[in-house]
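Numbering of ligands and ligand atoms starts at 1, following listing order.
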Amino acid sequence: MDVDVARNLHEVLANLPEGVRLVAISKYHPNEYIEAAYAQGQRLFGESREQELSRKAGSLPKDIRWHFIGHLQTNKVKYVAPYISMIDAVDSMKLLREINRQAAKCGRTIDVLLELHIAEEETKYGLTLGAARELLDGGEWRELHNVRICGLMMMASNVDDEAQIAREFDTAAAFFDECKKTYFKDDDAFCERSWGMSHDYQLAIAHGSTMVRVGTSIFGPRVY
Ligand SMILES: *Cc1c(COP(=O)(O)O)cnc(C)c1O
């Protein structure tokens, strides 16, 4: 292992104020990297591909809490439903329904975040604010008793302009407040604002993040 995972992890953790949690993004990295972070006490990890995640979850300690951070196809939900701790990037009613269905089959409730599309970049994924309002206004989610919407997730534009990134985080934070007030006033579970990656997590924390998703700064560059 040519990356000092333990040192990198402690450097990142030292930058997190109380109340901000770290999801260590281990996608494309081998088990030994995860074990090195685990040995330092890290228990929250995030992966973006179902097969890779299932393989790792099956071979690594059972007290790891796994987040699925990527785009999850509905036909893959059944594979992660028995063990996933949180699905971070729900961006359709169809996916939410399928998570509910598979969670019910497993006799559990699965925590999810709604993924917002705020960045200027072209991507197929994430709900525009309008689409998110529409989903929540629809109310069907209230009947899905095996999923629990715990907050919002987003990725800022991949640009150097910090002012733009900060604006995007602020837009997400304001939308979180709107959702809290409008739909989740009496629901303490709705509390997470997941934004911030290796290059922007400190800025994200300054703009309301409660849960950063950091990969490269801990594990080094990914080899695809
Ligand atoms: C890969 C990934 C991250 C981590 O990115 P780094 O730049 O390596 O910190 C965070 N969030 C999501 C959704 C990702 O896919």
Side-chain angles (χ1 to χ4, degrees), residues 1-16 20-30 33-34 36-37 42 44-54 56-57 64-73 76-77 80 84-92 95 99 111-127 132 150-162 164-165 168-169 172-173 176 192-224:
M1 201 163 52
D2 49 5
V3 177
D4 192 341
V5 169
R7 196 197 59 196
N8 294 345
L9 175 69
H10 286 297
E11 258 172 39
V12 171
L13 288 172
N15 289 325
L16 305 189
V20 177
R21 278 176 303 142
L22 169 67
V23 185
I25 305 302
S26 49
K27 64 190 185 196
Y28 294 91
H29 292 295
Y33 283 54
I34 298 169
Q42 181 67 24
L44 215 51
F45 291 87
E47 290 279 336
S48 61
R49 297 183 304 170
E50 180 278 316
Q51 286 192 6
E52 177 180 355
L53 170 56
S54 290
K56 288 175 173 174
I64 288 181
R65 282 172 288 130
W66 295 102
H67 281 221
F68 197 93
I69 59 159
H71 178 70
L72 182 58
Q73 292 171 282
K76 300 280 174 67
V77 174
V80 301
I84 201 74
S85 171
M86 185 177 268
I87 297 176
D88 290 21
V90 172
D91 65 356
S92 73
L95 178 58
I99 294 168
D111 288 344
V112 305
L113 303 176
L114 297 181
E115 180 184 7
L116 300 178
H117 177 56
I118 289 172
E120 278 166 14
E121 277 141 33
E122 286 295 317
T123 143
K124 300 191 290 260
Y125 305 128
L127 297 155
C150 295
L152 305 175
M153 176 272 209
M154 60 82 83
M155 273 186 279
S157 295
N158 187 15
V159 294
D160 292 327
D161 181 358
E162 286 208 354
Q164 181 185 341
I165 298 172
E168 293 175 1
F169 290 149
F176 175 90
E192 299 292 359
R193 296 177 292 271
S194 178
W195 40 89
M197 303 162 51
S198 288
H199 67 284
D200 62 11
Y201 75 91
Q202 305 208 49
L203 192 61
I205 292 167
H207 293 265
S209 176
T210 60
M211 188 185 270
V212 295
R213 304 178 311 269
V214 178
T216 308
S217 294
I218 299 169
F219 300 113
R222 289 176 284 274
V223 182
Y224 293 107

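- Using a 4.5 Å cut-off on side-chain heavy atoms (C-beta onward), His67 and Leu44 make contact.
- Residue-to-ligand polar distances keep His199 apart from ligand 1: every N/O pair is separated by 3.5 Å or more.
- Between Tyr201 atom OH and Leu16 atom CG the span is 6.5 Å, to the nearest 0.5 Å.
- Within the listing of ligand 1, atoms 13 (C) sit less than 4.0 angstrom from a heavy atom of Met153.
- In this structure, Gln164 places its CD atom where more than 12 heavy-atom neighbours from other residues, nucleotides or ligands lie under 6.0 Å away.
- Ring-plane geometry between Trp195 and Phe169 is classed as parallel, the angle between the planes falling under 30 degrees on a 0 to 90 degree scale with a further cut at 60.
- Proximity of Arg222 to ligand 1 is established by a heavy-atom distance of less than 4.0 Å.
- Remark: minimum distance from atom 12 (C) of ligand 1 to any protein heavy atom is reached at Ile69 CD1, 3.6 Å.
- Near Gly215, meaning under 4.0 Å from any of its heavy atoms, are these atoms of ligand 1: 4 (C), 6 (P), 8 (O), 9 (O).
- Taking a cut-off of under 4.0 Å to the non-hydrogen atoms of Met155, the atoms of ligand 1 that pass are 13 (C).
- Between the side chain of Thr210 and the main chain of Glu192, no donor-acceptor pair closer than 3.5 Å is present.
- The protein atom (non-hydrogen) at minimum distance from atom 15 (O) of ligand 1 is Lys27 NZ, 2.7 Å.
- Residue contact check: Thr216 has heavy atoms under 4.0 Å from atoms 6 (P), 7 (O), 8 (O), 9 (O) of ligand 1.
- Close approach of ligand 1 to Ser198 (heavy-atom distance below 4.0 Å) involves ligand atoms 6 (P), 7 (O), 8 (O), 9 (O).
- Of all the heavy atoms in Ala24 and Ile218, the pair that sits closest is CB-CD1, 4.1 Å.
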Test Met155 against Glu115 for side chain to side chain contact (heavy atoms under 4.5 Å, CB included), laying out the working first. CA-CA 9 Å; Met155 273 186 279; Glu115 180 184 7; 4.2 Å; yes
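- If you number the atoms of ligand 1 from 1 as listed, the ones under 4.0 Å from a heavy atom of Val214 come out as 9 (O).
- Taking a cut-off of under 4.0 Å to the non-hydrogen atoms of Arg213, the atoms of ligand 1 that pass are 4 (C), 9 (O), 10 (C), 11 (N), 12 (C), 13 (C).
- Within the 4.5 Å cutoff, side-chain heavy atoms of Thr216 are placed close to those of Arg222.
- Taking any N or O of Met197, backbone or side chain, none lies under 3.5 Å from an N or O belonging to ligand 1.
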